[in-house]
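Working notes, beginning with the structure itself.
Below, chains carry the letters A, B, ... as their sequence lines are ordered, and counting in each starts from 1. Every heavy atom of this structure was used, including side-chain atoms; hydrogens, water molecules and symmetry mates were not.
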There are 2 protein chains.
Amino acid sequence: MTDLKTSARVQAAGAKRQRLMAAAAEVVHRQGVERTTIADIARAADVPVGNVYYYYKSKDELVAAALSEHARQLELLTGRLNQLPDPRERLKGLIEAWVSQRDLAARYGCPTGTLAAELDKRDEGGLDVEAGRVIRLLLKWVEHQFRELGQPEPGGLALTLVGAYQGMSLLANALRDPRIMDREGARLLAWIDSLVAA
Amino acid sequence: MTDLKTSARVQAAGAKRQRLMAAAAEVVHRQGVERTTIADIARAADVPVGNVYYYYKSKDELVAAALSEHARQLELLTGRLNQLPDPRERLKGLIEAWVSQRDLAARYGCPTGTLAAELDKRDEGGLDVEAGRVIRLLLKWVEHQFRELGQPEPGGLALTLVGAYQGMSLLANALRDPRIMDREGARLLAWIDSLVAA
DNA sequence: GTCTATAATCGGATAGAC
DNA sequence: GTCTATCCGATTATAGAC
């Protein structure tokens with residue numbers, strides 16, 4: 001019985017931690033790190049404000065949690081795409097996933113990209129390095145697909161593709177126009193199709 | 001004599017306003033809007049803190065000033081490039097200007113792009129719209145060059161070029177690697193060269 | 001026009017009751 | 001584990017002397 005109670009408590013605690021992590025990712029994406037208060041995240045996660053510090057010792061830890069939530073989402077996506085037999089189809093699936101998020105991107109930009117940009121304006125903490133790691137995760141996966149496609153410079157192509165995504169997200173956001181995601185997404189799909197396997 | 005004294009005073013006042021505007025642009029680029037205090041800008045401009053409010057009634061007005069400073073810099077650059085007779089050379093000159101800023105971009109990102117991204121995370125003020133205007137200024141100029149080159153879809157090409165710039169700046173910044181600016185810059189130059197005039 | 005002192009507010013973090 | 005009350009520092013903005 002104590003075991004049951006304990007595991008239930010642990011699960012509830014784990015659930016709260018997870019809720020806080022997911023809420024941190026969402027709210028920080030919408031408001032940015034600096035404009036997001038602990039209270040904002042607590043409210044979104046439906047956790048009492050003063051209780052947050054039991055799970056995360058500081059605001060920076062919550063931001064780190066948001067970052068790892070983004071990494072988790074990315075791994076979920078690439079995991080799904082890895083089921084596809086053809087690397088070309090995997091890359092096209094990635095682009096389609098980006099385009100499907102057009103409205104969110106037009107309103108708040110790429111979650112990881114905007115977060116990285118904001119964190120790079122601090123010196124302390126080292127959260128900026130953490131953000132770079134998540135972006136590298138994406139770059140490495142894309143590079144791997146280009147290599148499997150037999151492309152000569154997979155690293156350069158990955159930089160171009162991910163850079164195009166970051167750029168189109170920023171422009172869609174700055175101009176508040178989701179159609180930019182459609183337009184550039186279509187161009188990227190055509191580009192991938194045009195690549196000749198070596 | 002009163003005229004002299006008055007004009008001197010006006011000039012000094014104008015000079016302070018300009019110093020504050022330039023300082024706002026620089027400091028906000030490095031630290032971001034939210035982490036920049038009025039005191040930071042005052043110090044950078046060598047103006048007493050309490051005196052700032054004589055020139056700008058609020059922090060938002062200082063941010064707006066930073067934005068128009070970026071617009072001014074952009075007009076200076078395009079004005080110089082307009083001297084070149086060939087639109088293809090003008091576009092290549094723009095790309096070279098971007099690459100020449102690689103170290104700044106790798107440390108703090110594109111001044112206008114990162115500012116736009118940060119401002120888009122607020123609802124109040126309408127400074128986000130102002131940031132969009134500056135980006136549109138650049139897009140329109142680039143579009144004009146592509147049109148003069150006889151390209152069929154100048155608007156789409158402008159979106160691609162400016163998007164590529166924003167993307168490579170963000171990646172260079174997130175990965176702290178200025179060589180990304182060289183690499184992608186070279187690719188863009190080759191792309192412009194490959195375009196066949198219609 | 002210039003500058004100081006200070007008001008007013010806000011948000012991160014902690015202490016400690018339950 | 002949960003939650004309240006509160007401290008403390010920082011920052012925008014203003015009032016008013018010079």
Side-chain angles (χ1 to χ4, degrees), chain A residues 1-21 23-24 27-28 30-66 118-119 121-125 127, chain B residues 1-21 23-24 27-28 30-66 118-119 121-125 127:
Chain A
M1 185 179 130
T2 11
D3 283 336
L4 256 172
K5 266 174 82 175
T6 307
S7 74
R9 201 180 293 144
V10 165
Q11 222 209 357
K16 276 200 183 182
R17 244 189 96 89
Q18 280 190 336
R19 282 215 310 279
L20 281 168
M21 180 163 69
V27 179
V28 164
R30 277 189 275 118
Q31 307 190 341
V33 177
E34 299 297 332
R35 291 180 77 87
T36 297
T37 67
I38 305 265
D40 289 336
I41 296 173
R43 199 178 323 117
D46 202 32
V47 168
V49 214
N51 198 3
V52 173
Y53 284 91
Y54 177 75
Y55 296 98
Y56 295 96
K57 281 191 286 293
S58 67
K59 187 179 177 178
D60 273 15
E61 278 197 15
L62 269 166
V63 175
E118 194 179 357
L119 293 175
K121 297 208 185 285
R122 335 173 144 192
D123 330 277
E124 342 131 6
L127 281 173
Chain B
M1 184 180 133
T2 10
D3 285 335
L4 255 171
K5 266 175 82 177
T6 308
S7 74
R9 201 179 292 143
V10 166
Q11 222 211 356
K16 276 199 183 181
R17 244 189 95 90
Q18 280 190 336
R19 283 215 309 279
L20 281 168
M21 181 164 68
V27 179
V28 164
R30 277 189 275 118
Q31 307 190 340
V33 176
E34 299 297 331
R35 292 180 76 88
T36 297
T37 67
I38 305 267
D40 289 336
I41 296 173
R43 198 178 324 115
D46 201 33
V47 168
V49 215
N51 198 2
V52 173
Y53 284 92
Y54 177 75
Y55 296 98
Y56 295 96
K57 282 190 285 293
S58 68
K59 186 179 177 179
D60 273 15
E61 279 197 14
L62 270 167
V63 176
E118 193 178 358
L119 293 175
K121 298 207 185 286
R122 338 172 142 190
D123 329 276
E124 341 132 4
L127 281 173

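Rounded to whole Å, the distance from OH on B/Tyr56 to P on D/dT11 is 22 Å. In this structure, A/Glu124 atom CD and C/dG12 atom P are separated by 14 Å, rounded to whole Å. Whole-Å rounding puts the A/Asn51 CG to D/dG1 C1' distance at 7 Å. Straight-line distance from the CD1 atom of A/Ile38 to the C1' atom of C/dC10: 14 Å, rounded to whole Å. Regarding A/Tyr54, its OH atom lies at a distance of 3 Å from the P atom of D/dG1, rounded to whole Å. If you measure from atom CD1 of A/Ile41 to atom C1' of C/dA13, you get 14 Å, rounded to the nearest angstrom. Atom CG in A/Asp60 sits roughly 11 Å away from atom C1' in C/dG12 (whole-Å rounding). A/Arg19 places its CZ atom 10 Å from the P atom of D/dT2, with the value rounded to the nearest Å.
At C/dG1, none of the side-chain N or O atoms of B/Tyr55 fall inside 4.0 Å of OP1 or OP2 (strictly under the cut-off). A sub-4.0 Å separation between OP1 or OP2 of C/dT2 and a side-chain N or O of B/Lys16 is present. Within the structure, every side-chain polar atom (N or O) of B/Tyr53 is placed at least 4.0 Å from both OP1 and OP2 of D/dA15.
A/Thr36 OG1 to A/Ile41 CD1: the interatomic distance, rounded to the nearest 0.5 Å, is 6.0 Å.
Heavy-atom minimum distance, B/Leu20 versus B/Leu62: O-CD2, 4.3 Å.
Distances were taken from every side-chain heavy atom of B/Pro48 (C-beta onward) to each of C/dC3, D/dC3, D/dA13; the shortest belongs to C/dC3.
For the pair A/Arg17 and A/Tyr54, the cation does not sit on the ring face, since its NZ or CZ is not both under 6.0 Å from the ring centre and inside 45° of the axis.
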Determine, step by step, whether B/Arg35 and A/Asp123 satisfy the salt bridge (charged side-chain N to carboxylate O under 4.0 Å, His left out) criterion, reporting the C-alpha distance in whole Å, the side-chain angles of both residues, the deciding distance to 0.1 Å, and the verdict.
-> CA-CA 11 Å; B/Arg35 292 180 76 88; A/Asp123 330 277; 6.0 Å; no

